[in-house]
Structures are given as C-alpha cells and as structure tokens.
Amino acid sequence: MTPPPGTSPPPRDARIARDLSAWFARSARDLPWRRPLPGHPRRDPYHALVAEVMLQQTQVSRVLEYFPRFIGRFPTPAALAEAGEQQVLAAWAGLGYYRRARLLHHAARAIAADHAGEVPSDPGLLRALPGVGRYTAGALASIVFEHPEPIVDGNVRRVLIRLEGRDLDETPRREEAWAWQRASELVAAAEAPGVFNEALMELGATVCLPSPARPDCPLCPLRTHCRAAELGRQADLPRPKPRARQSVVHHAAVLIRDGRGRLLVEQRPGRGLWAGMWQAPTLESPKPVTAPALARWFGVPRLRRLARFTHHLTHREVRFSVWAQPEGDAPPGAGAPRRFATIRQIAGLPLANPHRRILLEQAGPLSPPRRRAASSA
DNA sequence: CACACGTGGGA
DNA sequence: TTCCCAAGTGT
C-alpha cells in the first residue's frame, strides 16, 4: 500500500519491510493454507480463517495434521454452519483449546447469517466474529485482503523486541501497547502488508527463535538492522517471564460395561476443561479418592484399579486413576448425561483427550501402570 | 483485568 | 526421561 500523501515512512522502516518481504518471497514454507485455490488469485478467506484459529496457541506441525481433514469435512462456511457442535468438536479432538472450535462454529453461523456466506474483509467486521480477536482480525485483513493492519503474536513480539533491543522492565500491558504501535509503523512502510506481516511471523517461527534454541542470526535478513544483534544480546531478549504455578487435581475414571460389552460414557459439562466432550464416568476431586469412596459415589458394590497416569496441562496437573467394575456387577444409576456405547461408537465421539487412551485401550487389555521403557520395541 | 483454557516439542 | 516452554481470546 502507498503511504498517505505527505507522510513517508522512516528510511529504516522501509528497508526493514523491504528486506524482510524479499526474504519471505524466497524462504516461505509451503503450507496448505498458504496455497490459493486453483484458478483463484488469492487464498480462500474461509481456509485462512480456519487456519488462523487452529494456529492460535498451537504449533504448525499440529495444525498440518488437522487442517486438511477439517476443510475436507467442512469445505465452506455454510457446511460448518450447518454441522452439529458434536461433529465440529470431533473434528477438533486432540488439538486442544476446544473453545476455539465452538467459537469458529459460531463464527461460521454468523458468516452464513450476516455476511451471505462470505468471510468479510473489513477489519471491524472480522473482529466482531466469535473467536476472532485483534491478532486474528489483523492477520485475515492483511494476509488475505492486503489491508495495512498490524498484527502481534508471540513470534512478532519476540522479533520486534530483539529488532529494537528493547530491554525494559515494564508491565506486559505496556510492552503489548509498544509492540502494536511498532507493528503498525512497520506495516505502514511495507509495499504488501500481508506479505510483510506473514514474513514477520515466519522469521520468528524459523529463524528468530526463542532463547533455548537461540536465534540463527547469520541467516537473518534483518541482521544489519537488529539492535539486539548489534549488542550481542539477541539470546537474552526478551527477558523470561515468571512462570505460573501448577495445581494438582485427581480424576478417577471408571470403566463400566453392560451385558453386551458396551462401555458407559458421559458428557462433560458445557464449560471448563474439555467442555462438552465425552469421557468414562469420572469423579474429580482435589485429593485422591479411596476405592470404597469411589464405589459408593458411583453406587456400585466394588471397584478395582487398573492403571494410573498423569496428564499435564499448562497450569494444572491431572492425575488419572482408572478403575473397573468386576464383570457381572450391576451398573450405577445415571447422573450426568450417560449412555452405553460400543468401541466403534466411542471412537467417533469427541473424547476428552486422556479418555481416548482410557476408553479405546479397552478394545484390547489396558496396559499396566507405566514403569520403565521396557515394553516398547 | 487476572485468569482459564490443551497439547506437543525441545533442552 | 523429565522438566520447561509457548502466548490468543473471552470472561
């Protein structure tokens, strides 16, 4: 985009934008959501929306696995809008942050209802879609529609802080405001805003890496502009953030079969962890439960423990214990929405991720509590 | 606005 | 193996 009359970008910003964009043109990874559809001048806005939502807080390698399948199943906003929430969750299962799937589903319904089935190009309209925040709206507006909108994600933040050698002990809020301001200035200096924005993220994801891996400065197209590199401080910036504490919760999951060998499953509540997904009937508690207490809770005569394992989340550690009711005992009364399901039916449900292991390993014998790495090979 | 929300990869 | 880490959106 050409700058408004009377204002021309600072020469350094223009050189940064030019050098980075040129590097991207020759170094960009070939990713499915970057390919325009055959016979189309630009990439499909709906594909870009799905990809951007999937990429929120999620690594590219993970999204590569899910994106083609999701697009295959829901090829258009209308197809996604008409789908049921359980189908959408099932297509998202294993990808994490499941609220994104619901919000994307709602966004598709809004696109169908309010935008004639077409993803809008206006940044304000994009921002109004469920699950589309400042970053995602900017990414779609710039990358798909070439509006000169700034974007700041984790990669961009790190690249900008190093580029400007910004070593301040400031509040996250202030740093955030600075990064958006700087991103705005730079994108205004770019000839193609979408190319520049995507290049900024690509640089952070492939060259200007976080501290442990360290940036590969000799390969960097911005090394001659970089204040941190000039000072030899590129590995120290940005300063590490204090990490959050982790709490521990206990989930006791019980395997109960009916006379035909089907397993009892229940749906999790509509909010919170693994919202709306399915699991073996589970008692959650801050401390471990004893076998008699668990049997009492589920209203069955007795239970024996089959396995234990720990599932790690960002701010929480979930200690699972898996229990079974001896064959022939009567099933418990209903509490949450529950039903018996065959293994084949269970495999098609949106399962809370740890329960994929708990329930589907029931097709064969459940492995004993993990000890050494003796079992594999 | 501090907090909740998943998962896999790399040191 | 085990520990540490990343960083968008909505409430």
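Side chains included, hydrogens not; waters and symmetry mates left out as well; all remaining heavy atoms used.
Summarising the geometry, the separation between CG on A/Leu126 and P on C/dG8 is reported as 18 Å, rounded to the nearest angstrom. Atom NE2 in A/His315 sits about 14 Å away from atom P in B/dA2, given to the nearest Å. A straight line from CZ of A/Arg134 to P of C/dG10 spans 14 Å, rounded to a whole angstrom. The nearest whole Å value for the distance from the CZ atom in A/Arg239 to the C1' atom in C/dA7 is 19 Å. Rounded to whole Å, the distance from CD1 on A/Ile151 to C1' on C/dA7 is 14 Å. Note: CD (A/Glu317) to P (C/dC4) measures 11 Å, nearest angstrom. Distance CG (A/Asp153) to P (C/dC5): 19 Å, rounded to an integer number of Å. Taking atom OH of residue A/Tyr135 and atom P of nucleotide C/dA6, one finds them 18 Å apart after rounding to whole Å.
Nucleic acid contact for A/Val132: sugar-phosphate only, since backbone atoms but no base atoms lie under 4.0 Å from a heavy atom of the residue. Among the atoms of the strands shown, only primed sugar atoms or phosphate atoms (P, OP1, OP2) are found under 4.0 Å from some heavy atom of A/Pro130. No contact: A/Arg271 has no heavy atom under 4.0 Å from any strand. Using a 4.0 Å heavy-atom distance criterion, A/Leu55 is classed as making no nucleic acid contact.
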How would nucleotides 6-11 of chain B be written as a contact map, 5' to 3', with B for base contact, S for sugar-phosphate-only contact and - for no contact, using protein heavy atoms under 4.0 Å? BBSS-S

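Taking atom P in both B/dG6 and C/dC3, the straight-line distance is 23 Å, to the nearest Å. Nucleotides C/dA7 and B/dA11 have their P atoms positioned 15 Å apart, rounded to a whole Å.
Partners of A/Pro238 by side chain to side chain contact (heavy atoms under 4.5 Å, CB included), not counting sequence neighbours, listed by chain and number: A/Arg158, A/Ile161, A/Arg162.
Within the structure, a side-chain polar atom (N or O) of A/Arg127 is placed less than 4.0 Å from OP1 or OP2 of C/dG10.
The six-membered or imidazole ring of A/Phe67 lies near that of A/Trp33, with a centre-to-centre distance under 6.0 Å.
Both tests hold for A/Arg166 against A/Trp178: distance to the six-membered ring centre under 6.0 Å, angle to the ring axis within 45°.
Judged by distance alone, the side chain of A/Glu202 and the main-chain N or O of A/Ala28 form no donor-acceptor pair under 3.5 Å. A donor-acceptor pair under 3.5 Å is absent between the side-chain atoms of A/Ser61 and the main chain of A/Gln59, judged by distance alone.
Applying the ring-ring contact (aromatic ring centres under 6.0 Å, His included) test between A/His355 and each of A/Trp274, A/Trp278, A/Phe320 identifies A/Phe320 as the sole match.
For A/Arg69, the CZ atom is densely surrounded, since the number of other residues' heavy atoms within 6.0 Å is greater than 12.
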